[in-house]
Amino acid sequence: MILISGAASKISTAGRVLNAMNRRSYSSARFIAAESLNPRSDDSTSGLRASSRKKRLKQDTFALPDIEDSPYKKTNGSASSRTSKLNSYIKSTEASTSAEISGKPPDHWEKVIEGIRKMKSSEEAPVDTVERDRTGSFLPPKERRFYVLIGTLLSSQTKDHVTTAAVDRLLQNGLLTPEAIDKADESTIKELIYPVGFYTRKATHVKKVANICLTKYDGDIPSTLEELLSLPGVGPKIAHLVLHVAWNDVQGICVDTHVHRICNRLGWVSKPGAKQKTSSPEETRVALQQWLPKEEWVAINFLLVGFGQTICTPLRPRCGTCSITELCPSAFKETPSASSKLKKPIKSKKP
């Protein structure tokens with residue numbers, strides 16, 4: 001992931017950009033491909049599977065990429081359908097941003113945040129340890145913004161140090177301006193950014209983005225959420241983060257898998273009109289913005305990412321070392337007990 005400088009408090013959280021994009025759509029695509037390569041002789045069963053695949057593909061085609069979905073899935077829907085979904089997303093985002101905070105905040109949320117801050121200050125997370133000066137603060141404004149956009153795009157589904165190295169290689173070879181990238185061979189870009197996740201497709205997207213910035217924005221990058229989302233490979237999370245860092249424009253909370261997981265464990269978010277957990281980072285973003293004060297929108301991601309990397313981990317969270325367990329409804333519920341590990345199934349012996 002590209003790592004962002006903490007020069008100003010409003011953008012200090014950008015160091016954690018896009019820690020881990022959800023691989024749901026990519027895994028689904030691999031599953032579908034595997035099925036098609038292994039047909040069965042049963043025609044009726046095969047027909048049902050084909051129908052199911054078409055239904056899944058249709059859903060993926062017309063849905064706006066979720067905030068955690070890979071932006072590289074293939075879409076064959078009409079441009080008008082895509083535009084309609086995009087416009088709907090933009091309107092809902094603008095409404096949630098411009099409206100006053102209307103939801104009821106969960107009990108003791110401020111104590112929870114304060115407790116997490118104290119724990120985070122005493123234990124370094126991966127997001128804290130990697131070099132932070134990645135906003136391109138040493139560059140002129142227009143070049144700095146492009147630097148942020150390209151680095152953020154490369155960071156999806158890629159570890160911090162891998163993205164950092166890739167950005168350094170582009171910079172050392174003079175390939176972090178739209179003019180230079182537009183003139184460079186795609187194979188050169190691909191070689192320089194390897195082994196970032198999806199490096200082949202990202203090389204293609206980087207070339208296209210550079211050309212769009214040159215021809216449409218006079219070498220600068222888009223300054224609105226809608227325009228950023230129209231760029232190849234850019235989904236809602238990348239767009240929100242670029243707005244935060246490049247333009248100092250906060251229009252939404254950046255929600256990754258850590259924020260999504262922890263907010264649900266804490267009982268901070270739920271589906272509209274229900275008590276069920278949110279099922280996607282985008283649902284979490286919308287629910288969280290209903291009550292979290294806007295001055296916390298930027299800070300919450302960096303805070304929860306570090307907490308999620310060290311204590312509230314995806315598997316076997318360290319509830320025993322957490323200081324807010326009395327305020328967490330999920331405390332110790334995902335931690336296997338010692339007695340359960342010792343128990344083994346007893347097989348009956350035949351006489």
With a 3.5 Å cut-off and no angle check, do the side chains of [X] and [Y] form a donor-acceptor pair?
| X | Y | value |
| --- | --- | --- |
| K118 | S323 | no |
| T163 | S155 | no |
| S223 | D249 | no |

Can you give me every donor-acceptor pair (side chain of residues 181-188, partner residue at least two apart or in another chain, under 3.5 Å) with its distance?
from: D182; atom 1: OD1; to: N211; atom 2: ND2; distance (Å): 3.3
from: E186; atom 1: OE2; to: T204; atom 2: OG1; distance (Å): 2.6

Open item on the list: Quick check on the hydrophobic clustering: are V242 and I212 connected, directly or via other members, by side-chain heavy-atom contacts under 4.5 Å?
Closed with: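 Both belong to a single hydrophobic cluster.
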Open item on the list: Would a single hydrophobic cluster contain both Y217 and L214, if residues Ile, Leu, Val, Met, Phe, Trp and Tyr are joined by side-chain heavy-atom contacts under 4.5 Å?
Closed with: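 In one cluster: no.
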Open item on the list: Going by side chain to side chain contact (heavy atoms under 4.5 Å, CB included), L266 matches just one of I113, L327, I324. Which one?
Closed with: I324
Task: Residue pair L149, L231: steps toward the side-chain contact (heavy atoms from CB on, under 4.5 Å) verdict - done: CA-CA 10 Å; L149 173 60; L231 296 177; 3.9 Å; yes
TODO: Check step by step if salt bridge (charged side-chain N to carboxylate O under 4.0 Å, His left out) holds for R265 and E334.
DONE: CA-CA 10 Å; R265 282 178 176 171; E334 296 181 40; 2.8 Å; yes
TODO: Would you check if the distance from the ring center of Y147 to the ring center of F138 is below 6.0 Å?
DONE: yes
- [ ] Using the salt bridge (charged side-chain N to carboxylate O under 4.0 Å, His left out) rule, pick out the option among R261, R285, K237 that qualifies with D256.
- [x] K237
- [ ] Evaluate side-chain contact (heavy atoms from CB on, under 4.5 Å) for C254 paired with H240, printing each intermediate quantity in order.
- [x] CA-CA 6 Å; C254 289; H240 279 297; 3.8 Å; yes
Task: From D168 atom CG to L192 atom CG, the distance as rounded to the nearest 0.5 Å - done: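 D168 CG to L192 CG: 11.5 Å, rounded to 0.5 Å.
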Open item on the list: Side chains of S156 and K202, heavy atoms from C-beta outward: is any pair under 4.5 Å?
Closed with: yes
Task: Residue pair K120, I311: steps toward the side-chain contact (heavy atoms from CB on, under 4.5 Å) verdict - done: CA-CA 9 Å; K120 192 172 179 299; I311 296 177; over 6 Å; no
- [ ] With sequence neighbours left out, write down each residue that passes ring pair (Phe, Tyr, Trp, His ring centres under 6.0 Å) with Y194, or none if nothing qualifies.
- [x] Y199
